[in-house]
Amino acid sequence: MTFRTPTGGTIDRNTLLHFTFNGRKLTGHPGDTLASALLANGVHEVGSSVKLGRPRGIVAAGSEDPTSLVQVEEPFPEPMLLATTVELFDGLVARGLAGQGRLAPEPDPARYDAKHEHCDVLVVGAGPAGLAAALTAARSGARVVLVDEQNQAGGALLGVDEYLDDRPSAAWVADVLAELRSTAGVLVLERTTAFGMYQDGFVLALQKRTDHLGFAAPAGVARQRVWRIRTRQIVLATGAHERPVVFAGNDRPGIMLASSARTFLHRYGVLPGSRAVVFTTNDSAYCAAIDLAESGVDVPMIVDARPEAPARLATECAARGIEVRAGHVVIGTEGAGRVTDAHVAPLDGVAGHCDTVVCDTVLVSGGWNPVVNLFSQARGKLRYDAELGAFVPGEELETVRVAGSATGELDLTACVRQGRNAGASAAISAGFTPRGQMPLPVSDSRCTSRSGLVLWRVPGDDDASFVDLQRDATVADVLRATGAGLRSLEHIKRYTTIGTAHDQGKTSGMIAAGIVAEALGVELADQRPTTFRPPYTAVSFAALAGRDRGELHDPVRVTAIHPWHVAHGALFEDVGQWKRPWYYPQAGEDLHTAVLRECKATRESVGMMDGSTLGKIDVQGRDAGKFLDMLYTNMMSTLKVGRIRYGVMCGVDGMVIDDGTVIRVGEERYLVTTTTGNAAKILDWMEEWLQTEWPHLDVHCTSVTEHWATIPLVGPKSRDVLAAVAPDLDVSNEAFEFMTWHDTHVAGVPARVCRISFSGELAYEINVTAWHGLAVWEALMAAGEQYGITPYGTETMHVLRAEKGYPIIGQETDATVTPQDLGMSWAVSKKKPDFIGKRSFARAENNRTDRKQLVGLLPVDPSVLLPEGSQIVETDRLPEPPVRMLGHVTSSYPSAALGRTFALALVRSGHERIGETLYVPVEDSLVPVTVTESVLYDKEGARRDG
Amino acid sequence: MTSPAQPPGAHLPEHPDFLWENPEPKASYDVVIVGGGGHGLATAYYLAKVHGITNVAVLEKGWLAGGNMARNTTIIRSNYLWDESSGIYEHSLKLWEGLEEDLGYPILFDQRGVLNLAHSLQDVRDSVRRVNANRLNGIDAEWVDPAGVKEICPIVNVSPDVRYPVLGATYQPRAGIAKHDYVAWGYARAAHAMGVDLIQNCEVTGLETAGGRITAVQTSRGRIAAGKVALCAAGHSSVLAKMAGIRLPLASHPLQALVSELLEPVHPTVVMSNAVHVYVSQAHKGELVMGAGIDSYNGYGQRGSFHIIEQQMSAALELFPVFARAHLLRTWAGIVDVSPDASPIVGLTPVGGLYLNCGWGTGGFKATPGVGDCFAHTIAHDKPHPFNEPFTLERFTTGALVDEHGAAAVAH
Amino acid sequence: MQLIPCPWCGPREEAEFHYGGQAHVAYPEDPSALTDEEWAQYVFFRENPSGPFAERWSHSAGCRRWFNAVRDTRSHDLLAVYRAGEPMPEVLS
């Protein structure tokens, strides 16, 4: 049987859409929602409730619906959508839910994006008030954005068949919309829900761009878009939601809000059932009753809780054979699934008197709740309106105006007037002059009076009187909460879970507050409503992530030489945002064998690596030396032009934060290098000190990290290789001393070559512009071929430096390590009166003799490799926990040069323990190790000069 | 209609029929606890239960446990790096393990384990270091490789092709989650039953001292004399301590969290990634509960910036592609009091009879039973409990910090 | 997301800025003359008021200048911004 009316609505009756719901094949039309199509097919039972498993139907026609939760399964699974907000398309497959949705295991193929929009006036809601506001602001010349969650403008007018100025209201809407669309600087966004209000006119809105197209959605178009709107002024014309009345058995499918039934009729051409009892506390439901009766629904009775029915409307009802029972309420319903009977009795509880009315539909209206969510998010104060029985905006905000039924105003002409005024004053505040005032339309509506009775619930079986239909929370639950001693609405909400479900209490929140106030005997005016939190309606994670996913999640930084590394099979390590070659395995090699080969080749002949990721900061100015003296623990101002010094930086707490070389380029110019991961941080650190503490210093810092390609050329044959590609350069030890630099040409391009070494070997660091990096790298490879030049990655670099006891910041240090702990007292100036961190060295904790200090560890069995991160203990047997730990292994490698394994470690009183045997728990055994100095290879430094 | 034999929400327990009364404040108490959050309520409970001190008031400026207690993501674990931290957090975890019985309240404590993911080689080293330290401290901990991560939590994307691949994780099986409100209410109910006065809507506006000792608190509901005063005010600690002339090294920051709609079970454990700022579990009813990163600025507004949530979403989808079409239902913010070393400050103050418990940053919830017990001991004996002895205010002068910032397991 | 009025660039999105904590905490003239307590105050202790707070911001993704602002930490509203070195303006809280 169909419940589709023969005519009417905005659906396209000429086109049939096929869809599947709970396994049933059904049809609908373009313009339907899943909910309207289900109702047209007579389907009221959509899902079941989360706690009690009771059947759940469709209560409202829009996003405030608490119950019609469905899982879309095709075209792509999406959980927990409301049937009332899913636009129907051909091929849709969906099912009703029992309170929980299902995430698809397969990846979501859809694309999502975000767009920024700036405007003078943002209007939220394209109902009568919003349209008037938008048009008024637009005529003033302001840039206007109008957003509305529906697929067409009109708001509440979509759900009625009323006339404005003697024309169907749709014509009025169409006229306004046409003018808006033809006005420059106006953007109208349908299917767009403003879901969050933030400071300074920042509003987030979600636009559903292709969902309604289903399988026909074009590829490459973002399915959903987050609009980040920055506006000067905001007009909230967000409307009002009809509020139910709670009564026993009010959760059965077929029980629906009266205005929603009217919307299903007029917008979708769908009848909610065959025989409807209407239960109301105000006039508006009379229109629903009359409209349905005129459309062929049997409406036996209007149950009006007010002592007297409105005379004119009652007469109209009588003319249509609708009995009006004033002073009566619905006290219960029957029905195994859908409602089959309503029990009607006097509100004043005349004992025993009760009529049972057979019906398949109960339409309910308990009045209206203005939608104040966004106003409240904007931190606007709310006020309780006792006549309305709802919270309304209670103050004016500087940039936010509220218009229409969102203020509690229910008369259409008045709503339009409010919208017009709000649009005008918003435009004025944004600096525009309103022009061409739009006339106020005259409505033929009969049912918009405010004269309602505020009734939260009908006394009855509290356990069967549902306040939150999605959470199965009843009046009994509310009374248990107050009985348990709870007074705050927030507590009661948490105790009962009312308002925490998918709908966030859109229909239940106000009623719960009312019932609580009644139970506690307090005034609602003295109560603070629970906080409205963003988002207004649920937003998919993917929409918020937008395009910041996969490769775009965080930029990948690569060096100029990167393509060569890829081509030569390097594996990469993430260091900060950089991809650095980790090692270059040859056929059959694992990490250890590859690294042993790379180390051996480098120590015995020549190797090279891509060091371009090292941070490089150009420090210039008259006071550059003075400045660096404050930042580094050692002295930089005394460094001579042409020379290089290694330096350590500490935080004010005296803990090591970074290290690197400092090159004196000129009298007033240094080039500072930082670790790869800290480059940006150190530049920020320098800028902070310069600008906030020492603005009098003449110093300027510039990041030049990506200007240079940097290639350390390392090993006893490095001099020969360099000589072959740098004919202008005298590479002899005498002419090119350790810790000096020269500008020259390498492979025919200008280069700066530094004689520094992070391996203890003879080494040169070749710097060229990034543009030439790859060519120079290849030239060096070619020149080194006869020596078996070997590219190596970060792992080999780590082994080579560890053999020499050089720490890696972040590996040997963890923000609790001082230069002294690292055995680097030599790098801490005794001459300088001050530098950052110096004062902290004098604190009690820094002077303890049992601080953790950097040492070497040699496993007694030279083939045992200690896992990095192992802890170190004193005894060869483990006592019961907690076990006293002396420190941990920071680095550990097999060493080609040493012919054994070794490790670096931070050990309590480590410097005093040299020669001691300690123990490292590895799985179930204790590995004995000998504590040594941290320098294990070439202690005399004989290899440095080649 | 797909209706399972038992609806998904049917198994959840009910609250007791009675929780607490709402008394008028008395003129004086032996101990006044300022702050009716988890820590304040737990402290009151242990004061009464362990030390027999029941002439106690807990003053709460809003509604009980309505601050960070109501806003956190309820992760419970004890796998901290440093001995001092693991001491107090493990003490806490042990109390958690018996808490439901102790309080006679269903707190939904669920030891589903926590994975702390490692995304870089240094993360791996730091993680292994922490696992080894945990084990020697008697804390259950293991290192699991990417395949192991997948086995424990099948929806984690362990593909090497993602921007920051998962290189492994530490796993603490005894870690888990609990229902925050139930925990607070369990403590409140039990404390009330032993005679503690729980006073809501009572804001402390001043602290009175005489001769270097605390004597009373001034409140929005009048003056209340006190033998001892204990501050448990989290984000508001600086403001309160200042009333007694005490300056704290704290910064109060917004910390945001969010929740999805109810979903069928997909996420059996707790996953944390400090590197990409993802902290996620699936609560008992089925909603995904996620913590975001801290907003950078000081703020008491209980709100943060939405771009932090957006970053959180994109990071979450990197790790959990299946979350793409889950929906954000609600976001909120708390105020966390962050100390320079990311460790708490718990103990005596220069003012006699005034005790301090603050600086928990993002770690306060999991510490609730442990610090409640230790803080009660500190108050009762006027002397720190061994577990909170390292967490003095003086450590910032001596330099004896407990720097959990430097450790991979920092925060949450 | 707030707008922060950079005194050099004008109002810009909050995400362009980096926070720097309390303003007007000068590096001590002579740290070595301080007691451990005084030094600790400088290193670790900052004001943390609920209300107007003079603090430092850097327009790190813009002009990269540090500047000062008075912001109400309850509402997060910026009450004043001023360039480094300028005196703190009077603001009404």
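In what follows, chains are A, B, ... by sequence order, proteins preceding strands, each numbered from 1.
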- request: Side chain from CB out, backbone as N, CA, C, O: work out which of these in C/D30 comes under 4.5 Å of a heavy atom of chain A, or both, or neither.
  value: neither
- prompt: What distance separates A/K838 NZ from C/S32 OG, expressed to the nearest 0.5 Å?
  reply: 7.5 Å
- prompt: When heavy-atom pairs shorter than 4.5 Å are enumerated against chain C, which of A/E693, A/Q691, A/R230, A/R839 gives the highest number?
  reply: A/R839
message: Which one wins on heavy-atom pair count under 4.5 Å against chain A: C/A26, C/A84, C/S58, C/S60?
response: C/A26
- prompt: Between C/W66 and A/E688, is a side-chain contact (heavy atoms from CB on, under 4.5 Å) present by the stated rule, with each step listed?
  reply: CA-CA 7 Å; C/W66 282 88; A/E688 181 179 341; 3.6 Å; yes
Gap separating the CG atom of C/D36 from the CG atom of A/N846, nearest 0.5 angstrom: 9.5 Å
- prompt: Counting only heavy atoms not in A/K831, do more than 12 fall under 6.0 Å of its NZ?
  reply: no
task: Assess whether atom CZ of A/R379 is packed by more than 12 heavy atoms of other residues, nucleotides or ligands within 6.0 Å.
output: yes
task: Output, in order, the C-alpha distance, side-chain angles, deciding distance and verdict of side-chain contact (heavy atoms from CB on, under 4.5 Å) for C/M1 and A/R228.
output: CA-CA 10 Å; C/M1 182 148 45; A/R228 300 172 180 158; 5.8 Å; no
query: Measuring heavy-atom distances to chain C, does A/E687 have an atom under 4.5 Å in its side chain, in its backbone, in both, or in neither?
result: both
message: For the CG atom of A/D684 and the CZ atom of C/R64, what is their distance to the nearest 0.5 Å?
response: 5.0 Å
- prompt: What part of A/M197 is in contact with chain C, defined as an atom under 4.5 angstrom from a non-hydrogen atom: side chain, backbone, both or neither?
  reply: neither
query: Any donor-acceptor pair under 3.5 Å linking the side chain of A/Q199 with the backbone of C/S75?
result: yes
field: Crowding at NZ, A/K832 (>12 non-hydrogen neighbours, <6.0 Å)
entry: yes
- request: Sort C/H18 into side chain, backbone, both or neither according to what part of it lies under 4.5 angstrom from a heavy atom of chain A.
  value: neither
task: Let me know if C/R56 has heavy atoms under 4.5 Å from chain A in its side chain, its backbone, both or neither.
output: side chain
message: Need one label for C/W39: side chain, backbone, both or neither, based on atoms under 4.5 Å from any heavy atom in chain A.
response: side chain
field: Reported CZ-to-CG distance for the pair C/F44 and A/D653, which is rounded to 0.5 angstrom
entry: 5.5 Å
- prompt: Which atoms of A/F841 come close to chain C, meaning under 4.5 Å heavy atom to heavy atom: side chain ones, backbone ones, both, or neither?
  reply: neither
- request: Go through the steps for C/E14 and A/Y198 under the test side-chain contact (heavy atoms from CB on, under 4.5 Å), then give the verdict.
  value: CA-CA 12 Å; C/E14 172 195 331; A/Y198 298 87; over 6 Å; no
- request: Provide the closest heavy-atom pair for C/Y27 versus A/D834 in the form atom of the first, atom of the second, distance.
  value: OH-OD2, 2.7 Å
